[in-house]
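Proteins come first, then strands; the chains are lettered A, B, ... in the order of their sequence lines, and each starts at number 1. The figures here come from the full heavy-atom set of this structure, side chains too, leaving out hydrogens, waters and symmetry mates. Note that this is a predicted model, so its numbers are computed, not measured.
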Protein chains: 2
Amino acid sequence: MSRRSGILEFAVLGLLRESPMHGYELRKRLNTSLGVFRAFSYGSLYPCLKSLVAQGWLTEEPGSAPEDVRAASRAGRRAKIVYRLTAEGKEHFEELLSHTGPESWEDEHFAARFAFFGQTSRDVRMRVLEGRRSRLEERLERMRASLARSRERLDDYTLELQRHSMESVEREVRWLNELIESERTGRSRRDGSAPQHTSGDTGGRPRERGGSRTDPSDDTAK
Amino acid sequence: MSRRSGILEFAVLGLLRESPMHGYELRKRLNTSLGVFRAFSYGSLYPCLKSLVAQGWLTEEPGSAPEDVRAASRAGRRAKIVYRLTAEGKEHFEELLSHTGPESWEDEHFAARFAFFGQTSRDVRMRVLEGRRSRLEERLERMRASLARSRERLDDYTLELQRHSMESVEREVRWLNELIESERTGRSRRDGSAPQHTSGDTGGRPRERGGSRTDPSDDTAK
DNA sequence: TTCGTCATGTAATGGGTTACATGATTAC
DNA sequence: GTAATCATGTAACCCATTACATGACGAA
């Protein structure tokens, strides 16, 4: 029930794969590190977490940090809840990662997929990138057609808006071209020779930078 | 009730201000001419039209085209329904046009506002453009901060995604700068002496070939 | 006469937000 | 001791989509 769907679920699993976290922090990561893709509210995050627990993909544990332990020892206290991916959850996430459907190239899905390319096998990355590209090319085609058809009767602003949008899409296509090229030659374009894990199974998880608990400037700042 | 809200309502009123139309055509315009901003489905359009009628901003009339007249003369036929803006509707739209709140600079609202700049007074245009710009600059600021804070622990793909997003936002800011400048000097950039936008132009975009009236590619092409 | 497109609609559902309610911890 | 921020949740609502249902019109 209530398949708190697609992208949020996916992102949550993906983030928890890297390390266990509690809800609040999860949301911050959703909005900043992985940022750019839409800011989710607690109103969607917590129910989503509940449902993932219910499906056996996550476990809820009381936080183990000193203050949580203290808190737990006293009566009736609500400690942080740390969510951890279960084995089944991990498996499920791999499955999601390897599945490429036509939704994968839609704007929001694509960003989410891309954000976890680090854990994605090369051929899936290729499919997603190419799918996205042809999606955008279609869109471009339609925009050109509609523009050609109605250029005369549109005012300057509308025209300018369309021009700018098309330019943005064209830019993204060029970006994808570069990425696809990099994938093909096997090189990541901005450090010399970073070894990429090719398999679905990530060998080296990005090093856990445990330290500073400070971390200001989180919120959506709506 | 059911305030089929904001952007759809706004766009519908704006399009009908230019000329009366029936629902089907309205949707096409929403998705193409005004395109780019999200494709609405009939499931939202028709109820929205109903509600606008209920509020006295639109009237429903049977279509006046020959085939509609013929249709109407026979019994029990459903003819096209042409929607026309009422005086109150026009007034209401003007009001919406002149109102600038903080929602006006959000992505979707902004596109809709911009699309009707042709009917918007210069000072409102200015406010909207400048509001949008500072909105984006905030966003940029946050992105930079979050990037600086966490550069080390992010993998290449996440980094690349953020870099690309930031670049897009920066581009939009430059675009807004140009537009604001044009507004200030009172010139529409691209007639007269066409000083050409400075931005990265595609080397030779394929020039649109001729006028085949075949008109494919209307629908969302999901 | 059938197929594609024009044309209008509704019910169920989805996926999310806002606003609210609650309380702990930290910094000053 | 009080304000800010950390932290967790829920209920009511919102806006839109999907899938469905209906039917006309033109062309092959």
Considering only [options], which nucleotide approaches the side chain of [X] most closely?
X     : options               : value
B:Y83 : C:dG9, D:dT17, D:dT8  : C:dG9
A:S41 : C:dT18, D:dT8, C:dT8  : C:dT18
B:F40 : C:dT8, D:dT17, D:dA7  : D:dT17
B:I7  : C:dC6, D:dA16, C:dG9  : D:dA16
B:Y46 : C:dA7, D:dT8, C:dG16  : C:dA7
B:S44 : C:dG16, C:dA7, D:dT17 : D:dT17
B:P47 : D:dA7, C:dC6, C:dT10  : C:dT10

task = Please identify each residue that fulfils side-chain hydrogen bond (donor to acceptor under 3.5 Å, both in side chains) with B:Y83, with sequence neighbours left out.
result =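 In terms of side-chain hydrogen bond (donor to acceptor under 3.5 Å, both in side chains), with neighbours along the sequence ignored, B:Y83 is linked to B:E60.
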message = If I take atom CG in residue B:L49 and atom P in nucleotide C:dG9, what distance separates them, rounded to the nearest angstrom?
response =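 In whole Å, C:dG9 P and B:L49 CG are 8 Å from each other.
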task = Write down the distance between NE2 (A:H22) and P (D:dT5), rounded to a whole number of angstrom.
result = 16 Å
inquiry  = Contact between B:K90 and B:T86 at the side-chain level, heavy atoms closer than 4.5 Å - yes or no?
reply    =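 Answer no - side chains too far apart.
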message = Taking the side chain as everything from C-beta on, heavy atoms only, tell me whether A:E172 gets closer than 4.5 Å to A:R133.
response =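 When only atoms from C-beta onward are counted, A:R133 and A:E172 do not touch, as no gap falls below 4.5 Å.
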query = Is the shortest side-chain N/O distance from B:Y24 to OP1 or OP2 of C:dC6 below 4.0 Å?
reply =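 So the side chain of B:Y24 is within the cut-off, an N or O lying under 4.0 Å from OP1 or OP2 of C:dC6.
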task = Determine: side-chain N/O of B:K80 to OP1/OP2 of C:dT8, distance under 4.0 Å, yes or no.
result =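 Indeed not, no polar side-chain atom of B:K80 lies that close.
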query = Thinking salt bridges, do A:K80 and A:E61 make one under a 4.0 Å N-O criterion?
reply = no
key: Basic-acidic side-chain contact under 4.0 Å: B:R163, B:E167   =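 Yes, B:R163 and B:E167 are salt-bridged.
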Residue that, paired with A:H164, satisfies ring-ring contact (aromatic ring centres under 6.0 Å, His included) out of B:W175, B:F114, B:F110 =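 Per the ring-ring contact (aromatic ring centres under 6.0 Å, His included) rule, the option paired with A:H164 is B:W175, out of B:W175, B:F114, B:F110.
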inquiry  = Would you say the ring centers of A:Y157 and B:F116 fall short of 6.0 Å from each other?
reply    = no
request  = Please round to 10 degrees the angle between the axis of the first five pairs and the axis of the last five pairs in the helix from C:dT1-D:dA28 to C:dC28-D:dG1.
outcome  = 30°
